[in-house]
Amino acid sequence: MIQEIRDLVSEKLKKLDGVVALRKTDQGTAPTLFQEGDDVSQLVLEPRYPVAKTVSKLQKRFKDAKFGVVARGCDTRALVEMVKRHQIDPDRLYIVGMACSEEQAETCYCAEPAPDLDPWPEADLVGDPVPGAPPNPMVAEYENLSREERWDFWNQQFTKCIKCYGCRDICPVCFCDACSLEDPLWVEPGLLVPDFPMYHLIKAMHMTTRCVACRQCETACPAGIPLTVLYDLIRKDVGNLIGYIPGADADSGPPLSLTLADAPIDSELAK
Amino acid sequence: MTNSIPEFEDAKCVLITGSNTSEAHPMIGTRIMRAKEKGAQVIVVDPRTTQMSMMADLHLKQQPGTDVAWLNGVMQVIISEGLADQEFIKERTEGYEDLEAAVEKYTPEYVEEISGIPAEQLRQAAKMYAEAERASIVYAMGITQHTSGVDNVLSCANLAMLTGNVGRPSTGVNPLRGQNNVQGACDLGGLPNVYPGYQSVADPEVNHKFEEAWETELPDEVGLTVVEMVELAGTGEVKAMYVMGENPLVADADINHARESMKNLDFLVVQDLFLSETAEIADVVLPAASYAEKSGTFTATDRRVQLVHPAIDPVGESKPDWEIIQLLAEKMDAPGFDFASPEEIMDEIAALTPIYGGFSHKRLSNGNVLHWPCLSEDHPGTPYLHKGTFSRGLGKFHGIDFTEPAESTDETYPLILTTGRIMFHFHTGTMSRRSEKLNQEVSEAYVEMHPKDAEQIGLNGEKKVKVSSRRGEIKLAARVTDRIKPGVVFIPFHFAEAAANALTNSAFDPIAKIPEYKVCAVRVEAV
Amino acid sequence: METNEDKQAFEPKVVAFLCNWCSYAGADSAGISRLKSPANILPIRVMCSGRVSPEMILRAFRSGADGVMVLGCHIGDCHYIDANHRTVKRVTLLQNLLGYTGINPDRLVLDWVSSSEGPKFAKVTRKFVEKVRELGPMAEEMGKSLPASKINVLVEEVTG
Amino acid sequence: MDYSNTQTICPFCGCGCALNLEVVDGEIVGVLPANDHPVGRGSLCIKGWNAHSFVQHEDRLKTPLIREDGDLREASWEEALELVADKLGSIKSEHGPDAVGVLASAKCTNEENYLLQKFSRAVIGTNNVDHCARL
């Protein structure tokens with residue numbers, strides 16, 4: 001698969017201003033912008049980085065450029081959410097979709113390990129799509145906990161938080177210039193442990209209709225807080241109540257910004 | 001550190017003292033959190049409540065400056081309950097009788113009188129530590145920055161040896177170094193008594209080796225420490241100082257005194273990124289390139305040597321420090337300063353420094369992780385020290401008696417001040433306070449005090465206070481919180497405009513010459 | 001041991017975000033009709049229930065509220081046409097999220113009260129205060145051990 | 001139009017976490033954790049995430065400075081180094097090498113610290129070299 005992707009990228013670089021992908025050098029591996037003439041044999045597919053964020057950054061800086069990106073399923077879901085929020089211009093983006101392996105899908109509890117390329121004007125898929133992996137068993141276990149047990153669980157987890165903002169900084173769909181988490185009106189600055197429930201619930205609330213379940217926030221969490229247990233639960237509710245799955249449907253907008261006519265919710269109060 | 005950072009995760013007991021680990025060394029703090037989740041017991045001995053103490057199994061709050069007492073107490077319990085590792089003591093150590101005699105009187109009840117730690121908690125801690133299969137001691141400046149700093153460190157070593165917690169994975173005595181290359185600066189001879197690799201300047205053989213290599217005569221008398229240099233600048237014996245990337249006028253104890261002394265110098269050169277408080281009084285300031293603009297290596301607290309790569313060109317006309325030194329040496333017609341790159345310098349280091357003997361930039365690339373001692377090109381490095389034998393052969397126990405801190409409280413200065421770091425800033429703040437994100441977390445100095453003490457001085461809510469000691473005074477905000485013991489106040493030392501070190505005592509440990517930052521007597525008044 | 005007396009003695013603090021165009025006037029009209037509404041309510045007037053962000057609700061809890069109400073215009077009557085469409089989605093999701101972190105979601109309520117519905121205002125506020133009284137103090141529910149407050153400076157309390 | 005990451009080591013505490021400096025056209029715009037590093041394992045603390053923010057700060061010293069009539073003025077490297085060499089040389093010959101004190105740095109590289117202590121011992125001729133390990 002890797003050779004196929006490298007060949008495809010070399011080919012496309014003739015027409016594009018660059019392709020965002022991971023590069024491995026003797027320093028380590030990180031995202032880079034490959035350009036025509038660069039050594040694509042350095043292009044690799046592991047580990048994961050939030051490339052959607054990089055693409056957004058580069059598109060904003062180079063307003064006429066057309067870039068490509070090597071993207072997994074989770075990356076394309078993030079890109080979809082970013083398009084809806086006007087952080088990505090789909091017409092200036094070419095996607096090399098990479099189908100994750102079964103093993104990769106299992107590590108991430110990924111429900112859609114193959115990128116959905118239908119919404120994109122220009123895209124190619126490399127690799128054989130595999131079915132979705134089973135969900136994180138912790139989510140089902142969690143649903144059986146009592147209120148007190150839940151409180152204790154998160155209390156313990158959030159006590160470990162060292163306020164690095166890594167969960168936000170790595171998140172491919174977090175992009176605001178002014179962040180509620182840094183607003184002293186909502187979160188008292190400079191406190192360690194950060195204020196619970198303020199810090200973590202504000203973050204969780206902002207994730208409700210945009211979390212694409214890439215789970216990079218958990219990788220980036222130095223304290224090992226299982227954030228996506230919370231995000232998976234609320235994603236499920238958003239699916240059940242509003243019928244919205246972040247990253248899946250390119251045509252409907254962010255439901256919290258839409259009217260009930262455009263994005264209804266299953267609630268007595270909505271009538 | 002005797003052991004490496006990833007090893008913490010598999011410890012069965014971690015004893016943290018004098019370290020606010022998750023704030024000052026976050027990635028070690030979170031490792032210890034993982035260890036706890038994997039079943040380790042965590043003991044924190046600290047006068048303040050910290051994130052680590054909140055999740056610890058046991059939190060002992062000692063009176064600042066009483067560390068030898070409680071450490072002796074822990075050992076007294078271990079010995080009297082028969083929990084000592086007799087086999088280890090017999091085979092690997094000497095001087096056990098001295099230790100036994102010295103700690104005998106430190107019963108938990110006696111220790112409680114000195115340190116304020118409840119006797120029962122001390123017993124519990126001793127058992128937790130001694131009974132664990134792999135126990136690790138973690139400390140930072142809260143142990144070393146005392147007039148009894150060396151005694152404190154030796155006591156930690158005594159405790160580890162007493163229980164056989166040395167020379168195995170996930171055990172050891174682990175001082176956490178506070179700056180990214182403080183370990184390297186020590187390793188490479190940035191000390192007045194040793195050449196690179198801790199080779200004594202007073203050893204004729206060593207001296208000869210370096211004279212041959214550097215093709216010049218070399219002094220064989222131990223030089224001055226920073227504290228002594230500043231002191232002798234004041235008396236006029238030291239005429240000139242050359243300061244590379246340090247800010248002693250915020251970092252030193254009793255900085256008012258230090259400033260007066262350094263102003264007395266005939267000539268002061270400062271090489272730095274910014275016009276630091278020290279650079280402000282310099283005669284010549286040389287612009288240095290930052291870590292992001294040069295190559296070289298840093299040595300982490302666990303003796304891990306790692307490559308640094310330049311991301312951008314030097315800002316303005318600034319130059320990497322190594323280039324500046326070379327240019328200066330050339331100007332002074334000195335040979336041996338014509339390296340083309342840091343890579344070449346490392347080759348000379350490896351040739352002269354046995355513990356770095358196996359390092360080269362080439363070997364360190366590709367994410368290759370190596371800990372010194374690494375004696376040759378095919379040596380695998382040493383993640384943990386003292387396996388099988390100590391560097392001196394047998395480990396030596398030291399019988400140590402508790403001594404009071406240099407300064408005690410009285411009616412005029414009734415509170416004890418202790419200083420430290422917070423998560424959001426670093427050292428004297430020259431770097432971190434120029435970061436918008438870090439500064440918006442905490443932008444001004446503050447003093448933490450217990451509600452009881454706040455009430456005593458008639459403080460309501462958050463207000464400005466004046467804190468004074470026998471050496472100076474500062475004004476800053478008060479934070480009233482019960483995370484600190486009554487009678488003790490805490491000030492982070494990152495803030496030059498309300499520098500904690502205007503208050504601290506420069507009295508220092510007789511051997512290590514480390515000032516007593518962690519204990520001095522102060523008064524707090526509402527203003 | 002909790003006694004009946006303690007329960008009696010507990011007066012819940014409830015923050016109510018009231019829409020300027022409906023529930024705020026509804027509270028007025030309740031007052032004019034001399035309908036009793038509980039004194040536990042700390043009203044905060046907002047220009048629209050759609051203005052009430054999750055941040056505002058969470059801050060009310062963090063500042064010591066035992067319950068939070070958001071009272072807006074009926075769907076279709078919003079002064080800003082459809083701003084309250086967002087409110088219903090937002091508050092519903094926040095209620096669920098509270099539940100997932102072990103905070104009783106019943107402590108947060110959303111309802112619609114028009115300017116003419118004085119009696120409804122009195123009824124929903126009374127009912128909610130009783131509900132919260134039954135739930136007991138928020139601090140107790142959280143075991144008094146908010147991790148942050150353990151080592152942090154004590155933050156301000158809701159007054160009133 | 002250039003975007004790349006340079007992996008290096010965090011300049012703050014002693015944990016020695018690797019991090020990636022994100023560079024766009026010569027400007028450091030951000031930090032990414034190093035997912036393949038054994039200490040951070042893809043995570044950083046808040047200081048690490050902001051390790052780029054002071055590097056290109058406007059306060060950075062851009063030229064050598066020399067004190068003249070009480071104030072610091074800009075100078076060329078040539079002039080500044082000449083002055084330092086001259087002064088250190090004359091103090092050494094008048095008062096002996098031990099009248100000079102040198103501070104190495106816990107923030108500089110191993111190679112730089114090595115070179116500075118070599119300078120101190122071999123060029124100035126004093127063991128008066130220390131750094132703030134104790135502070």
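Only heavy atoms go into these numbers, but all of them, side chains included; no hydrogens, no water, no symmetry mates. Order of the sequence lines sets the chain letters (A, B, ...), proteins ahead of strands, with each chain counted from 1.
For D/Val55, the parts lying near chain B are the backbone and the side chain together; criterion is any non-hydrogen pair under 4.5 Å. If you measure heavy-atom distances from B/Glu237 to chain D, the contacts under 4.5 Å come from the backbone alone. Of the two parts of D/Asp59, the backbone and the side chain both hold a non-hydrogen atom closer than 4.5 Å to a non-hydrogen atom of chain B. Proximity to chain B involves both the backbone and the side chain of D/Ser43, based on heavy atoms less than 4.5 angstrom apart. Within the 4.5 angstrom heavy-atom criterion, only backbone atoms of D/His52 (N, CA, C, O) approach chain B. Neither the backbone nor the side chain of B/Leu176 comes within contact range of chain D, judged by heavy atoms closer than 4.5 Å. When heavy atoms are compared at a cutoff of 4.5 Å, D/Leu83 approaches chain B by way of both its backbone and its side chain. Looking at D/Ile91, only its side chain comes within 4.5 Å of chain B, counting heavy atoms on both sides. Only the side chain of B/Val269 comes within contact range of chain D, judged by heavy atoms closer than 4.5 Å. Proximity to chain B (any heavy atom under 4.5 Å) is restricted, for D/Cys10, to the backbone atoms N, CA, C and O. For chain D, the nearby parts of B/Pro320 are the backbone and the side chain; heavy atoms of each come within less than 4.5 Å. Using a 4.5 Å cut-off between heavy atoms, D/Thr63 touches chain B through backbone and side chain atoms alike. Proximity to chain D (any heavy atom under 4.5 Å) is shown, for B/Asn247, by neither the backbone nor the side chain. In this structure, chain B has heavy atoms under 4.5 Å from both the backbone and the side chain of D/Glu82. Looking at D/Ala34, neither its backbone nor its side chain comes within 4.5 Å of chain B, counting heavy atoms on both sides. Neither the backbone nor the side chain of B/Val270 comes within less than 4.5 Å of any heavy atom of chain D.
In this structure, B/Arg434 contributes its side chain and D/Ser53 its backbone to no donor-acceptor pair below 3.5 Å. Judged by distance alone, with hydrogens and angles left aside, the side-chain atoms of D/Asn128 form a donor-acceptor pair with the main-chain N or O of B/Leu224 at under 3.5 Å. No side-chain donor-acceptor contact under 3.5 Å links D/Asp130 to the backbone of B/Thr225. Looking at B/His25, its side chain never comes within 3.5 Å of a backbone N or O of D/Cys15 through a donor-acceptor pair. Of the possible polar contacts, one joining the B/Arg304 side chain to the D/Gly16 backbone as a donor-acceptor pair under 3.5 Å is found. Proximity of a side-chain donor or acceptor of D/Asn127 to a complementary backbone N or O of B/Glu221 within less than 3.5 Å is detected. Of the possible polar contacts, one joining the B/Glu246 side chain to the D/Cys132 backbone as a donor-acceptor pair under 3.5 Å is found. Looking only at distances, no side-chain donor or acceptor of B/Thr301 sits under 3.5 Å from a matching main-chain atom of D/Gly14.
Geometric assessment of D/Lys118 against the ring of B/Phe337 yields a positive cation-pi assignment under the 6.0 Å and 45° thresholds. With B/Tyr195 as the aromatic partner, D/Arg121 meets the cation-pi criteria of under 6.0 angstrom to the ring centre and within 45 degrees of the ring axis. Geometrically, B/Lys319 engages D/Trp77 in a cation-pi contact defined by less than 6.0 Å to the ring centre and at most 45° from the axis.
Listed here is the closest heavy atom pair of D/Ala122 and B/Thr216: CB-CG2, 3.7 Å. Heavy atoms only, all atoms of each residue included: D/Asn50 and B/Ser435 are closest at CB-OG, 3.8 Å. When all heavy atoms of D/Ala80 and B/Val284 are compared, the closest pair comes out as CB-CG1, 4.2 Å. Listed here is the closest heavy atom pair of D/Gly26 and B/Ile312: O-CG2, 3.5 Å.
Using a 4.0 Å cut-off between charged side-chain N and carboxylate O, B/Lys331 and D/Glu78 make a salt bridge. A salt bridge between B/Glu293 and D/Arg60 is present, with a side-chain N of the basic residue lying under 4.0 Å from a carboxylate O of the acidic one. Under the 4.0 Å criterion applied to side-chain N and carboxylate O atoms, B/Lys239 and D/Glu94 are not assigned as salt-bridge partners.
Atom CD of D/Glu68 is separated from atom CG of B/Asp283 by 12.0 Å, given to the nearest 0.5 angstrom. In this structure, CD on D/Glu111 lies 4.5 Å from CE on B/Met346, to the nearest 0.5 angstrom.
When each of D/Thr8, D/Thr6, D/Asn110 is scored by its heavy-atom pairs under 4.5 Å with chain B, the top score falls to D/Asn110. Counting heavy-atom pairs under 4.5 Å between each of B/Gly336, B/Gly367, B/Ala233 and chain D puts B/Gly336 at the top. When each of D/Ile66, D/Val39, D/Leu88 is checked for heavy-atom pairs under 4.5 Å with chain B, D/Val39 comes out on top.
Between D/Lys107 and the choices B/Phe298, B/Phe426, B/Tyr291, the side chain to side chain contact (heavy atoms under 4.5 Å, CB included) rule is met once, by B/Phe426.
Taking the six-membered ring where tryptophan is involved, the planes of D/Tyr114 and B/Trp214 are perpendicular, since the angle between them exceeds 60° and thus also 30°.
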Working for salt bridge (charged side-chain N to carboxylate O under 4.0 Å, His left out), residues B/Glu441 and D/Lys47: CA-CA 11 Å; B/Glu441 291 292 336; D/Lys47 292 186 284 277; over 6 Å; no
